[in-house]
Amino acid sequence: MKILVTGGTGYIGSHTVVELQQAGYEVIIADNLINSEASVVDAIGRITGIIPVFEEVDLADPGQADSVFQKHTDIKAVIHFAALKAVGDSVERPLEYYRNNIFSLINLLSSMSRHGVKHIVFSSSCTVYGQPDTLPVKESTARKDAESPYGNTKKIAEDILEDEVRAGSLRCIALRYFNPIGAHPTAMIGELPLGVPDNLVPYITQTAIGKRERLMIFGNDYETKDGTPVRDYIHVVDLAQAHVVALKRMLEDKQISPWEIFNLGTGNGFSVLEVINSFEKVSDMKLNYAFTDRRQGDIEKVWADTEYANQELGWKAERDLDEMMRSAWDWELALNDRNKKN
Ligand code: NAD
Ligand code: UD1
C-alpha cells in the first residue's frame, strides 16, 4: 500500500518513514529539502534495506504538488509533515510561514480531492493549547490564541482540515505532538538543526560536543519543581510509531468520527534541569550551563493527558527520558564523526 509522506526527509518524517517501511508500507517522500538533506533517503535505505521513492517538490506550488499524484496514481493515504517550524523565525517572517504552511496544505488537499485520496494524518502541535488553565492537557482542552505565526498556522490548518472533512469524504487524524526529542537507535537519522538550535536538546548536545560554549537556561523563577519550565518530552521513535497506528486506524475504517485529534506525549512533565541531569547521567559528562532571563513567549508548564491516545488509539509511549537523551547524544557523536570525515 502506497503512502505519501510529505516532509519525509525531515526529523520526524524520516523516523516515520522507517517505521512505515518496517510495517510493510511502500513510501513516497515529497520534500523540497528546505530544512533537510537528500542523504536522509539513503540513510533510511541503510536502516530498512529499502530506499524510499523521493520526489523533490515544493508543495506550496500547486503544479509541483499535483505532479506527485499524477506520477503515483495509487497513493492510498498522506502523512503531512512538510512545514516550516521555527517559532522565532515565524515572528520575523510571518508571510513566509503562512505562505508555506497554509498553501502546502491547501494544494495537498486539492490534489488529494482531484485524485480520490481520502486519508490524511496531520502534524499538529501542543502549541495550540498555549498555557492551559488545567493540567494535564486533554484533547478537549480549549485551544488558546497562538503565541506565534507558526503556532497560528497549526490552528488554521486544523480548522481547514476539519472543515474539509465536514464538507466531503475526507478522513483525518490530527496528532498534537508535545516535545519530540532523541534520534533513531542506529544513530543514522536524527534532528539536523540549521545554524544555532532554538530547541533545548540539540542545544545541550551541541554544547557537550563543543560546538556551543554554554547552554543558557531561560528562567529559574517559574512555579515548577525547581523553577525551570516543564515539558512533556517524547522520543521521536515513539512518535513515529504513533503515526503508523493512526494510519492503520484510518485505513481499517476504525475511526469514531472522520475528524479525530490525539495528543502524543508521555504524560510526564520534566523540567529543564531534569533533562540536563539525565543528559549528564547517560553521557557521563558535566554540561556547561548558566541561568538567564525568561524567553519571551515561553510557557511555564505543559504535559499531556495520554489516556485517550492510550485507550482509543491503542498506542503508548514506551521510551523514558534517559533513552531519549542517550539516543540524542549518540546522534550528535555520529554527526561529529561524519563531519570529521568530510
Ligand atoms: P523538519 O523541518 O525536520 O521537517 C519538515 C520537512 O518539511 C523538511 O524536510 C522540509 O524540507 C520540508 N518542507 C517544508 N516546507 C516544504 C514545502 N513547501 N514543500 C516540501 N517540503 C517542505 O521538522 P520536523 O521537526 O520533522 O517537523 C515535522 C512536522 O511536525 C512539522 O509540521 C512541524 O510543524 C510539526 N511539529 C514539530 C515539532 C517538533 O518539535 N519538531 C513539534 C510539533 C509539531
Ligand atoms: C518550542 C516552541 C513550540 C514548538 C517546539 C518544537 C516556543 C515558545 N515554543 O517549544 O511551539 O512546537 O519548540 O519546535 O518557542 N530552553 C532553554 N535554553 C535553550 C533552549 C530551550 O532553557 O537554549 C528551555 C525553554 O525555555 C523551554 C525548554 O527548554 O522551557 C524547551 O524548549 P524548546 O526545546 O525550545 O521547546 P518549547 O519551548 O517547549
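Each ligand, and each atom within it, is numbered from 1 in the order the structure gives.
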Q: Tell me yes or no: between the side chains of Y233 and N268, is some donor less than 3.5 Å from an acceptor?
A: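 No donor-acceptor contact under 3.5 Å links the two side chains.
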**Q.** Nearest candidate to atom 35 (C) of ligand 1, where distance is taken over non-hydrogen atoms, out of P180, S123, G8, P193
**A.**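 That would be S123.
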**Q.** Shortest heavy-atom approach to atom 44 (C) of ligand 1 - which of Y177, F122, Y233
**A.**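 When every heavy atom of Y177, F122, Y233 is considered, Y177 comes closest to atom 44 (C) of ligand 1.
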Q | Over-ring placement of R143 relative to Y129, 6.0 Å and 45° cut-offs | A |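 No, R143 does not sit over the ring of Y129.
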Q) Is it true that E158 and R176 make a salt bridge, defined as a side-chain N closer than 4.0 Å to a carboxylate O? A)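 Between R176 and E158 there is a salt bridge, with a charged N closer than 4.0 Å to a carboxylate O.
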Q: Return the residue, atom name and 0.1 Å-rounded distance of the protein heavy atom closest to atom 31 (C) of ligand 2.
A: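 Result for atom 31 (C) of ligand 2: Y233 OH, 3.4 Å.
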Q. Which residue owns the protein heavy atom closest to atom 3 (C) of ligand 2, what's the atom, and how far is it?
A.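 Going by distance alone, atom 3 (C) of ligand 2 is nearest to V87 CG2, 3.9 Å.
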**Q.** Within-shell test, H80 vs ligand 1, heavy atom, strictly < 4.0 Å
**A.**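 No, H80 has no heavy atoms under 4.0 Å from ligand 1.
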Q | Sub-4.0 Å heavy-atom contact, V57 with ligand 1 | A |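 Checking ligand 1 against V57, which is what was asked, there is a heavy-atom contact under 4.0 Å.
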Q.
If we set the cut-off at 4.0 Å for heavy atoms, which region of N199 has an atom near ligand 1: side chain, backbone, both, or neither?
A.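 The answer is neither; N199 stays 4.0 Å or more away.
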Q.
If we set the cut-off at 4.0 Å for heavy atoms, which region of S104 has an atom near ligand 1: side chain, backbone, both, or neither?
A.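 The answer is the side chain.
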Q. So, does S125 sit close enough to ligand 2 that a heavy atom of it is under 4.0 Å from the ligand?
A.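 Under 4.0 Å: yes for S125.
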Q) Does ligand 2 have an atom that lies less than 4.0 angstrom from a heavy atom of E147? A)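 The answer is no, since E147 has no heavy atom less than 4.0 Å from ligand 2.
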